[in-house]
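We name chains A, B, ... by the order of the sequence lines, and we start the count at 1 in each one. Small disclaimer: the values here were computed from a predicted structure and weren't measured.
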Amino acid sequence: MVSMSGLERALHHLARLSAYLSGLLILSAALVTILDVVMRSVINRPFFGANDIVLYLLTIGVVGFFPLMVDSAHHIKIEVLGSRLGKRGVRLVEGFANLVTLLVLAGFTWQFLLRGNRLASFGDASQILQLPVAPMWWIGAGFMALAVVIQAVMVVTGHSQRVPVGQTLDEYERRR
Amino acid sequence: MDPVTLVLLALLAIFILLFLHVPIGIAMTAVGVISFGVYTNFRAAFSLMASEPASILGTVDISVIPLFLLMGSFANAGGLADDIYRLASALVGRVRGGVAMATVLGCGLFGSIAGSSVATTATFGTLALPQMKERGYDPGFAAGTVAAGGTLGAMVPPSIILVVYGIIAEQFILKLFVAVIIPAALAVIGYLGAIWIMGIVRPKSMPDPQAVSSGELRAAARNCLPALILFAIVSGGIYGGVFTVTEAASLGAVTTFLIAVMRSRVTMAGFLAALREAAANTAMIYISIIGASIMTYFVGLTRVSNDLAAVLVSLDIPPLMVIALLVVLYLVLGAIFDEMAAMLITLPFVLPVVTGLGYDPVWWGVVMLVLINLGMMTPPIGMNVFLLNKLAPDVGLLNIYRGVTPFIIADLLRLTLLVLFPSISLYLVGVF
């Protein structure tokens, strides 16, 4: 097994950091929802703009999980051919799969950016709080760009063995 | 190119990409965008890569996925599964096969918090399997019990698979959760029955029952109180009409986190690991839904599935025969693919046919869920069985498959009932 370069380590930590921050955003969205329920039932008044805030937090939060998914290669995959291909065959197939994944992720990033630009040009805003929605897509594009860079490094280096989500980098290297 | 050829080529391309190890969400996105581009134009096709994620991320219902996944991860880290298992053991431990029955009941109750089959199997594989083996259960039967019980994680609401189905099939999540109540109860009864029959047919596969003192039962009930409160908040809140599914999921995620912190069961490392697990699973499910939704959009535009349904109706083939053929198709597909993948790939094509024949999409969602769960246990790719083989390699894959056979038979009986009598699933939907 090949050891990770400094760039790969940095990207790995960035992917995890973005997942932690996104997790906090999602928990915050849950708190806003609870607060809205409590306010409606106790003081008979809703949390003003709760839906707008929840949508913002959830959209950014969920997209912020994508770099971790890519970094740990945590996908629904069917590996029917598996070891029958031999080492070289597996490398080739994995290389192809990684390249297709890279192209699709790059496509998402490009389109997220375009959507953000389009919404900004129209001046689109959320329904209640009138929050501009374009930044939500620009931030999403930023997270996707991080996923693209991680995937690109994977394509170039051919390192398909990833640190599983349940392990830290230290644990992974100790077990190797 | 005519739409039928294009749709068939698209389906073939997805299968080829999947065989070449391309992740399902990525494969469906790539094929969906290219097919749509060929059918209309590529400018519109590429724009689907933003418009579909936008409509999915903007759907309130789907936000329950990260919240339920967080709830399950925190519940695991907070040791709630352990408490549930102890209570179930204290309750039914005194009957023959009691510990196996406790595993099934524990999985069912934990499923109402975890929402996922794999999470429930992994949790009870480490929790219940060693105890069952230690008490003298046949290792294959013990592992088979956990593999079957694990499927209750996906069967008992809140079920992540049902949420995914609801998003793609555009059905109300609450309706699906209500429709699955009786089938989930039948699953539990079927598994308990399978254990009881095994106790009669192969008495050596399990030890003699052990008495449980009332003191042990009281202590177990006391420790399990947080899990029961959580169950009451989430399931009671949803079915009692107190909360929407999203509100219950929010409350569940935050409450589980607080329970774990207050009981000092979760360290910072454990919290971060739980967060990572939920995060990676969320992204994996979202990308799969986005891919499936792009494919659905393309197939819907061609109207090929609707035309196929019209042809089937005009052929005068009994609808039940078409459904039976689809069920067999899924059982065969399940032998090659992961069932969640099979559902995502085929739903854009199959659902219009099912609804075109006059069946309720909510009922089909329940049937799909049972089929997916069956696939979790059946060879050659039974995910739960594989997982248990990883957790307890000494048992042996073949022995686990042998041990899970009584539960597969129970599930096949349940599937037959649900297909023949859709009202089993739909009765409560009409009542709520």
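- Residue A:S22 does not touch chain B at all, counting heavy-atom pairs closer than 4.5 Å.
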Side chain to side chain contact (heavy atoms under 4.5 Å, CB included) between B:Y286 and A:F65, intermediate numbers included: CA-CA 10 Å; B:Y286 266 75; A:F65 287 157; over 6 Å; no

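- Atom CZ of A:F47 sits in a crowded spot, with more than 12 heavy atoms from other residues, nucleotides or ligands closer than 6.0 Å.
- Of the atoms belonging to A:V100, heavy atoms from both backbone and side chain fall under 4.5 Å from chain B.
- Residue contact with chain B, scored on non-hydrogen atoms closer than 4.5 Å, involves the side chain of A:V63 exclusively.
- Looking at B:I56, neither its backbone nor its side chain comes within 4.5 Å of chain A, counting heavy atoms on both sides.
- For B:L251, the parts lying near chain A are the backbone and the side chain together; criterion is any non-hydrogen pair under 4.5 Å.
- Contact annotation for A:F66: both backbone and side-chain heavy atoms come within less than 4.5 Å of a heavy atom of chain B.
- Neither the backbone nor the side chain of B:A27 comes within less than 4.5 Å of any heavy atom of chain A.
- Atom CG of B:N41 sits in a crowded spot, with more than 12 heavy atoms from other residues, nucleotides or ligands closer than 6.0 Å.
- Contact of B:S47 with chain A is made through backbone and side chain together, with heavy-atom distances under 4.5 Å.
- Of the two parts of B:L48, neither the backbone nor the side chain holds a non-hydrogen atom closer than 4.5 Å to a non-hydrogen atom of chain A.
- Proximity to chain A (any heavy atom under 4.5 Å) is restricted, for B:L70, to the side chain, taken from C-beta onward.
- Contact annotation for B:S63: both backbone and side-chain heavy atoms come within less than 4.5 Å of a heavy atom of chain A.
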